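First the structure, in the form of C-alpha cells, and then the observations on it.
These values consider heavy atoms only, across backbone and side chains, with no hydrogens, waters or symmetry-generated copies. First listed ligand is number 1; within each ligand, the first listed atom is number 1. This one's a predicted model, so the numbers in the text were calculated from it and none came from an experiment.
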Amino acid sequence: MGQIIAIANQKGGVGKTTTSINLSASLAVAEKRTLLVDLDPQSNASSGIGIVSDNIELTTYQALLGQVETHRIITDTGIDFLKVLPSTTDLIGAEIELINEDGREKRLKKALNQIRDDFDYILIDCPPSLGLLTINALTAADSVLVPLQCEYYAMEGLSQLTRTIDLIQRQLNPTLFLHGILLTMFDGRNNLSHQVGEEIRRHFAQRVFKTVIPRNVRLSEAPSHGLPVLQYDISSRGAEAYLALAREIIDTGK
Ligand code: ATP
Ligand code: MG
C-alpha cells in the first residue's frame with residue numbers, strides 16, 4: 001500500500017513544489033511507483049512536470065468532488081515510474097463548493113484510497129495556506145514533509161503548522177506524523193543559512209532531514225522546461241540533493 005506524504009507549509013515560496021516534483025522524480029528513477037498529486041490551484045507541479053494545461057480534461061478537482069474515478073485522472077509523465085494527478089485553476093472553486101458538504105475533509109483520502117495499492121509513494125503538493133485543500137492533504141496523508149527556507153523568519157510559521165498538524169491528529173487522522181523538516185535553498189556562503197539551520201536542528205533534532213537542499217539555479221530553471229532537474233541537468237547539485245533525499249526516505253522506510 002502506497003505511502004502518502006503531504007508536502008506542506010502555509011508559507012509561500014519555500015520550495016514545496018520544487019520538492020514535490022524533484023523528490024517524486026527521484027523516487028521514480030529508483031523504480032518506486034510514484035504518484036505526484038497537484039493540490040494547488042496554481043498548478044505549478046503539473047506544469048513543472050511537463051503537463052500542458054490546455055491538454056488536461058480531468059483533474060484533482062473532479063477527484064475531490066467525487067465526479068470521476070481517480071484512475072481515469074492519472075496521467076503519464078516523461079518518467080516511467082512517475083504519474084501525476086494534475087490540477088488547473090479550477091481547483092480554486094473546490095474549497096468553496098465543498099464547504100457545506102459532508103465529509104469535506106476526507107474527499108482526497110477517499111479518492112486516493114481507490115488507487116493507493118498501485119503506488120509505492122504518493123506525494124501531495126499543497127497550496128500555501130491551511131485551508132480545506134491542505135486539510136484534505138493532511139487527512140489523507142501518513143506523514144507531512146515540511147520544506148523550510150533557511151531565512152530569518154523561517155521558524156515563525158512553523159508553530160501554526162505544528163498546531164494544525166496536532167488538530168488534524170486529534171480530529172481527523174490520529175496516525176499522521178511529521179516525516180521531517182527539509183531545509184531548502186540553503187546557501188553555504190551565507191551565515192544566516194547556517195544559523196537558521198542550526199536553530200532548527202536544535203529545536204527539531206532528528207526530525208530534520210540529514211539531506212539539505214542547496215540554492216541551485218538549475219532547480220529554478222528546470223520547471224520552465226517542464227522537466228524535473230534530473231532530466232534537465234543530472235550533474236547539478238540540485239539533482240544530487242533530491243536523489244539523496246529520496247535515498248534517505250527509502251532507507252528510513254518510514
Ligand atoms: P508556493 O507557496 O507559491 O506554492 P512553493 O513553496 O511551492 O511556492 P517553489 O515554487 O518550489 O515554492 O519555489 C519558489 C521559487 O524558488 C521558485 O521560483 C523556485 O524555482 C525557486 N526555488 C525553489 N527551491 C530552490 C532552490 N533549492 N534553489 C534555487 N531556487 C529554488
Ligand atoms: Mg507551490
Practice task
Go through ligand 1 atom by atom and flag the ones less than 4.0 Å from a non-hydrogen atom of Asp40.
Solution key: 4 (O)

Exercise for the section: Give a yes or no on this: more than 12 heavy atoms of other residues, nucleotides or ligands lie within 6.0 Å of atom CD of Glu57. Expected result: no

Problem - Location of contacts on Ile213 toward ligand 1, heavy atoms closer than 4.0 Å - result: side chain

Exercise for the section: With side chain to side chain donor-acceptor pair (under 3.5 Å) as the test, would you mind laying out the steps for Gln10 and Gln160 before giving the verdict? Expected result: CA-CA 9 Å; Gln10 78 279 13; Gln160 201 185 350; 3.3 Å; yes

Problem - Check ion pair Arg107-Asp102 (N to O, under 4.0 angstrom) - result: no

Practice task
Taking atom 25 (C) of ligand 1 as the reference point, report whether a protein heavy atom occurs under 4.0 Å from it.
Solution key: yes

Exercise for the section: Check whether any N or O atom of Lys16, backbone or side chain, sits under 3.5 Å from an N or O atom of ligand 1, and answer yes or no. Expected result: yes

Handout entry: Polar atom proximity, Pro214 to ligand 1 (N or O, under 3.5 Å)
Key = yes

Practice task
Check the surroundings of atom CZ in Arg33: do more than 12 heavy atoms from other residues, nucleotides or ligands lie under 6.0 Å from it?
Solution key: yes

Handout entry: Which of the ligand 1 atoms, numbered from 1, are nearer than 4.0 Å to a heavy atom of Asn216
Key = 26 (C), 28 (N), 29 (C)

Problem - More than 12 heavy atoms from other groups under 6.0 Å of CZ on Arg72 - result: no

Practice task
Evaluate the 4.0 Å heavy atom contact test for atom 19 (C) of ligand 1: does a protein atom fall under the cut-off?
Solution key: yes

Handout entry: Minimum-distance protein heavy atom relative to atom 9 (P) of ligand 1
Key = Thr18 OG1, 3.6 Å

Fill in the blank from the handout: ligand 1 atoms nearer than 4.0 angstrom to some heavy atom of Leu219 are 26 (C), 27 (N)

Practice task
Assess Thr18: does it contribute an N, O or S atom lying under 2.8 Å from the Mg ion (ligand 2)?
Solution key: no

Practice task
Using distance alone, determine whether Pro128 and ligand 1 share an N or O pair under 3.5 Å.
Solution key: no

Exercise for the section: Salt-bridge test for Asp233 and Arg218: reply yes if a basic N is under 4.0 Å from a carboxylate O, no otherwise. Expected result: yes

Problem - Test item: protein heavy atom less than 4.0 Å from atom 3 (O) of ligand 1 - result: yes

Problem - Heteroatom proximity flag, Thr19 to ligand 1, N/O under 3.5 Å - result: no

Exercise for the section: Return yes when atom CG of Asp166 has more than 12 non-hydrogen atoms of other residues, nucleotides or ligands closer than 6.0 Å, and no otherwise. Expected result: yes

Practice task
Return a yes/no value for Asn44: is any of its N or O atoms, backbone included, closer than 3.5 angstrom to an N or O of ligand 1?
Solution key: no

Exercise for the section: Decide whether an N or O pair under 3.5 Å exists between Gly13 and ligand 1. Expected result: yes

Handout entry: NZ/NE/NH1/NH2 to OD/OE distance under 4.0 Å, Lys11 and Glu151
Key = yes

